[in-house]
Enquirer: 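Provided herewith is a single structure, encoded as C-alpha cells, for subsequent inquiry.
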Amino acid sequence: MNHKFIIRAIIALAIYAISFALVLKFYDDNPSKMQWEEREDYIRNFLTTVQLNQFTFDEALHFLGSPDITEAKRIDNDYYQVTFYRTHHVKSDGITTQEECTPLLFKNNVLLVSGKNAYESFKLL
C-alpha cells in the first residue's frame, strides 16, 4: 500500500512539473490580452522595476502596451511626452482618468520622471 502511494505521489509531482513548465513557456505577459484588473497589477508591478534615464518609450510600448492617455510637446530640439498607464481603479464609469493612472515623463524617448511628479514636471516645461 505504501508503494502505491509513492508511485501516485511521483506521478502527481511529474504532472505538476510538466504543467508548470508549459505555463512558463507559453503564457504571454501581454497587457493588451489581460483583463483590466490583471493589467493594472502587471503595470503597477512592472513600474517598480524601471530605472530613470535607462527605460525608453519603445520599451514602455513593448512591455506595457499602448498608454491609456498621452500628451506631448516639443521645446527647441527636445521632445517631451507624458504617458499615463492605469494602475488603480477609482470609478466604474468606463472612462480612464489621470487620477487612475501613473504618469511617465519621457524626454527624447528616455524616461525622465515616473510617478506623481511626472505630469507636474511636464506642465512646468
Enquirer: To the nearest 0.5 Å, how far apart are OG1 in T83 and CD in E71?
Expert: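 Here the rounded value is 10.5 Å.
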Enquirer: Does L64 form a side-chain contact (heavy atoms from CB on, under 4.5 Å) with Y85? I'd like the steps, not just the answer.
Expert: CA-CA 8 Å; L64 304 175; Y85 286 95; 3.6 Å; yes
Enquirer: Look at D78 together with K73 and state whether they make a salt bridge at an N to O cut-off of under 4.0 Å.
Expert: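 Answer for the salt bridge query: no.
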Enquirer: Taking it one step at a time, do E59 and N109 satisfy side-chain contact (heavy atoms from CB on, under 4.5 Å)?
Expert: CA-CA 10 Å; E59 289 174 320; N109 291 326; over 6 Å; no
Enquirer: Under the ring pair (Phe, Tyr, Trp, His ring centres under 6.0 Å) test, which residues partner F106, sequence neighbours left out?
Expert: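 F106: ring pair (Phe, Tyr, Trp, His ring centres under 6.0 Å) contacts with F57.
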Enquirer: I'd like to know if the side chain of T70 and the backbone of P67 have a donor-acceptor N/O pair within less than 3.5 Å.
Expert: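 Side chain of T70 to backbone of P67: no pair is present.
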Enquirer: Of the non-hydrogen atoms in A118 and P103, which two are nearest, and what is the gap between them?
Expert: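 That closest heavy-atom pairing would be CB-O, 3.6 Å.
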Enquirer: Flag the pair H3 / I7 as yes when at least one side-chain heavy-atom distance between them is below 4.5 Å, and no otherwise.
Expert: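 Yes, close enough: below the 4.5 Å cut-off.
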Enquirer: Decide side-chain contact (heavy atoms from CB on, under 4.5 Å) for D41 and E38; before the verdict, give the C-alpha distance in whole Å, the side-chain angles of both, and the deciding distance to 0.1 Å.
Expert: CA-CA 5 Å; D41 287 340; E38 293 172 331; 5.8 Å; no
Enquirer: To the nearest 0.5 Å, what is the distance between CG on L111 and CD on Q81?
Expert: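 Nearest 0.5 Å value for the CG-CD distance: 11.5 Å.
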Enquirer: Once rounded to the nearest 0.5 Å, what's the spacing between atom CZ of F55 and atom OG1 of T49?
Expert: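 Taking CZ in F55 and OG1 in T49, the distance rounds to 7.5 Å.
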Enquirer: List the steps, then state whether side-chain contact (heavy atoms from CB on, under 4.5 Å) holds for S114 with L52.
Expert: CA-CA 8 Å; S114 175; L52 300 178; 4.2 Å; yes
Enquirer: Determine whether a donor-acceptor pair (N or O, by modelled atom type, separation under 3.5 Å) exists between the side chain of H88 and the backbone of T102.
Expert: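 The answer is no, because no donor-acceptor pair under 3.5 Å joins these two groups.
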Enquirer: Which value, rounded to the nearest 0.5 Å, describes the distance between I43 atom CD1 and T87 atom OG1?
Expert: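 So the gap between those two atoms works out to 8.0 Å.
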Enquirer: For the atom pair CZ (R86) and CZ (R44), what is the distance rounded to the nearest 0.5 Å?
Expert: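 Reported value, rounded in 0.5 Å steps: 10.5 Å.
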Enquirer: Kindly say whether T97 contributes a backbone atom to a donor-acceptor pair with the side chain of E100 at under 3.5 angstrom?
Expert: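 Yes; at least one donor-acceptor contact below 3.5 Å.
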Enquirer: In terms of hydrophobic clustering (I, L, V, M, F, W, Y; side-chain heavy atoms under 4.5 Å; direct or indirect links), are L61 and L104 co-clustered?
Expert: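 L61 and L104: one cluster.
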Enquirer: Could you grab the distance from atom CD of E120 to atom NZ of K116, nearest 0.5 Å is fine?
Expert: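 The CD atom of E120 sits 11.0 Å away from the NZ atom of K116.
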Enquirer: Taking ILVMFWY side chains as joined if any heavy atoms are under 4.5 angstrom apart, and letting links pass through other members, which residues group with V113?
Expert: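 I69, I75, Y80, V82, F84, L105, L112, Y119, F122, L125, listed by chain and number.
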